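On a predicted model such as this, the values are computed, not experimentally measured, just so you know. In what follows, every chain begins at residue 1, and chains take the letters A, B, ... in the order their sequences are listed.
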Number of protein chains: 2
Amino acid sequence: MARRMMSDEVQGHIRELILTRRLAPGDPLPTESELMSLFEVSRNSVREALKALQAVNVVDIRHGFGTYVGSLSLDSFVDGMVFRAAVRHRRGEASLAELLEVREALEAGLIGSVAGDIPDADLGRLRELIGAMEREADETGRVSAETDRAFHLALYRSLGNHLLSEVLDAFWAAFHRVREELREERQDERVTLARHQAIVAALEAGDTAGAVTAMRDHFAGIRQVLRRSARD
Amino acid sequence: MARRMMSDEVQGHIRELILTRRLAPGDPLPTESELMSLFEVSRNSVREALKALQAVNVVDIRHGFGTYVGSLSLDSFVDGMVFRAAVRHRRGEASLAELLEVREALEAGLIGSVAGDIPDADLGRLRELIGAMEREADETGRVSAETDRAFHLALYRSLGNHLLSEVLDAFWAAFHRVREELREERQDERVTLARHQAIVAALEAGDTAGAVTAMRDHFAGIRQVLRRSARD
DNA sequence: ATCGGGAGATGGGACATGGGATGTTCCTAC
DNA sequence: GTAGGAACATCCCATGTCCCATCTCCCGAT
């Protein structure tokens, strides 16, 4: 029966409500007091349910304004993975390496799908980003994280898969946040730059197999740096 | 500098507490009243924080018993994706196809990593599962979901990457749950079986490229069924 | 006519308290 | 020795009250 913890029940009702009313992210939800009388529960239960839903980006609570349908983004998933990695790291597991391996699997699989018929517009954008990386490396000695992120997103834009882009971006963000927290070393920027260039070069040549190995090399380089700093 | 919103602040404190005390999943957390006096906040704020953390599997609340460190599993992530897919589906997006594409990218990338040096033990397990599928197909006309799931997990067991297995399994679960909800058609079981056999055959032969294309064929088959039923 | 600021309405945030529901533990009764 | 049940710890739900954030709208100063 549905009688199993009020707040969970309310959570379900709110989810249903979003579905049956065909609400989209950003649409307003009933106020807390409306939800109270709608489901005939106390304000506490409503608030606990909303808090839980907010934690997974299903609703967006704006103080003094109202509650809205959330973005349904994967941000909370990133938080979860970062925390999880932190916990596991303290128990001696190579959580950062595991994250990297997931990224490698994804991108190695994807690059094979895009190579061959990547639009010129995307190639142009990639060349642009390579240029930006060169400039940044010259000026500040580092490639900015955002440029790297944009590069890895631009690669797969032609697939037109929204979910895929978000998943990729989520793992990218998780990896970088964990690496920051662990204060791991970063690869020499010139090497990174060269790897990126190799990927674009293979794409331009329409060389699918070459693109895949270039991508694998890219990740192999990062992995090696991780292993080296793990030995210290 | 107190963050905004008590419950968020408490959430952070609890996370810190788990990290600094080096707690593992299953370890007990302070009771609600202890947390109240520990952080000097009301019971409501503590409960809202716990509810939010429970929603992402960071804590596990057991009625009448206590609260514990959660499993940190990706279950909530699966729920999130299923809900997200449901919302997007109603807005005309091919959310199921997107999920499948993510799975394909992952597995196509991974199969390339394992092929070549997959342990005999894993190969044996894979053959066993194929046998189970044949039996099921004969007896009930369908391959059970669990066997399929086990197959896709066994493929990458040799990588020894716990996170990877969970991510893979999460997307597997999300895909199947969404497909159930949408009442999509399923592929002919004999075809599925043949695809699985082809993958194992390529692995046994040590044929990396063959394994990758077998995997891609497998997903191409599923994709085709989805497209066909979308045309109806 | 326009711009700016302040009052009120709306709506979420926090707290305190009381009673209940549900597990666990342990002791008693047989 | 074992089954039943009371006592306890702990989480669950409700109510009431006040605080604070954000928006709207109107009014006065320019």
Side-chain angles (χ1 to χ4, degrees), chain A residues 1-18 21 23 25-72 75-76, chain B residues 1-18 21 23 25-72 75-76:
Chain A
M1 283 309 291
R3 276 290 163 76
R4 205 61 183 178
M5 262 187 298
M6 275 308 189
S7 59
D8 286 5
E9 198 176 338
V10 174
Q11 261 190 71
H13 284 157
I14 295 176
R15 287 186 128 108
E16 276 178 39
L17 191 146
I18 293 176
R21 296 194 184 173
L23 300 179
D27 287 353
L29 257 52
T31 69
E32 291 186 351
S33 26
E34 282 171 333
L35 291 173
M36 284 174 62
S37 53
L38 194 52
F39 306 134
E40 298 188 326
V41 294
S42 79
R43 179 137 177 249
N44 261 335
S45 302
V46 170
R47 283 181 58 77
E48 284 175 13
L50 287 176
K51 275 287 174 185
L53 290 175
Q54 185 191 35
V56 289
N57 289 119
V58 170
V59 307
D60 181 18
I61 308 177
R62 284 190 257 172
H63 190 169
F65 194 32
T67 70
Y68 297 79
V69 178
S71 62
L72 301 180
D75 300 8
S76 65
Chain B
M1 66 161 209
R3 243 167 292 180
R4 318 269 286 199
M5 269 187 296
M6 272 310 188
S7 60
D8 286 6
E9 198 176 338
V10 174
Q11 263 190 69
H13 284 157
I14 295 176
R15 288 186 129 106
E16 277 178 37
L17 191 146
I18 293 176
R21 295 193 185 175
L23 300 179
D27 288 353
L29 255 50
T31 71
E32 288 184 352
S33 22
E34 282 172 332
L35 291 173
M36 285 175 64
S37 53
L38 194 52
F39 306 135
E40 299 188 326
V41 294
S42 78
R43 186 179 214 85
N44 267 336
S45 302
V46 170
R47 283 185 56 76
E48 283 175 12
L50 287 175
K51 275 287 175 188
L53 290 175
Q54 186 190 35
V56 290
N57 289 120
V58 170
V59 307
D60 181 18
I61 308 178
R62 284 190 254 170
H63 189 165
F65 194 31
T67 68
Y68 297 79
V69 178
S71 64
L72 300 181
D75 301 7
S76 65

Exercise answer: donor-acceptor pairs, residues 64-72 of chain A side-chain atoms, under 3.5 Å, sequence neighbours excluded:
{"from": "S71(A)", "atom 1": "OG", "to": "S73(A)", "atom 2": "N", "distance (Å)": "3.2"}
{"from": "S71(A)", "atom 1": "OG", "to": "S73(A)", "atom 2": "OG", "distance (Å)": "3.2"}

Any pair counted as salt bridge (charged side-chain N to carboxylate O under 4.0 Å, His left out), so long as it reaches residues 61-70 of chain B, sequence neighbours left out: D60(B)-R62(B)

Side-chain heavy atoms of I14(B) within contact of L50(B), under 4.5 Å: yes

Non-neighbouring partners of P30(A) that pass side chain to side chain contact (heavy atoms under 4.5 Å, CB included), sequence neighbours left out: L17(A), R21(A), E34(A), L35(A)

Base-contact (B) and sugar-phosphate-only (S) positions in nucleotides 4-19 of chain C, heavy-atom cut-off under 4.0 Å, - elsewhere: -------BBBBBB---

Residues which pass side chain to side chain contact (heavy atoms under 4.5 Å, CB included) with D8(A), listed by chain and number, not counting sequence neighbours: M5(A), Q11(A), K51(B)

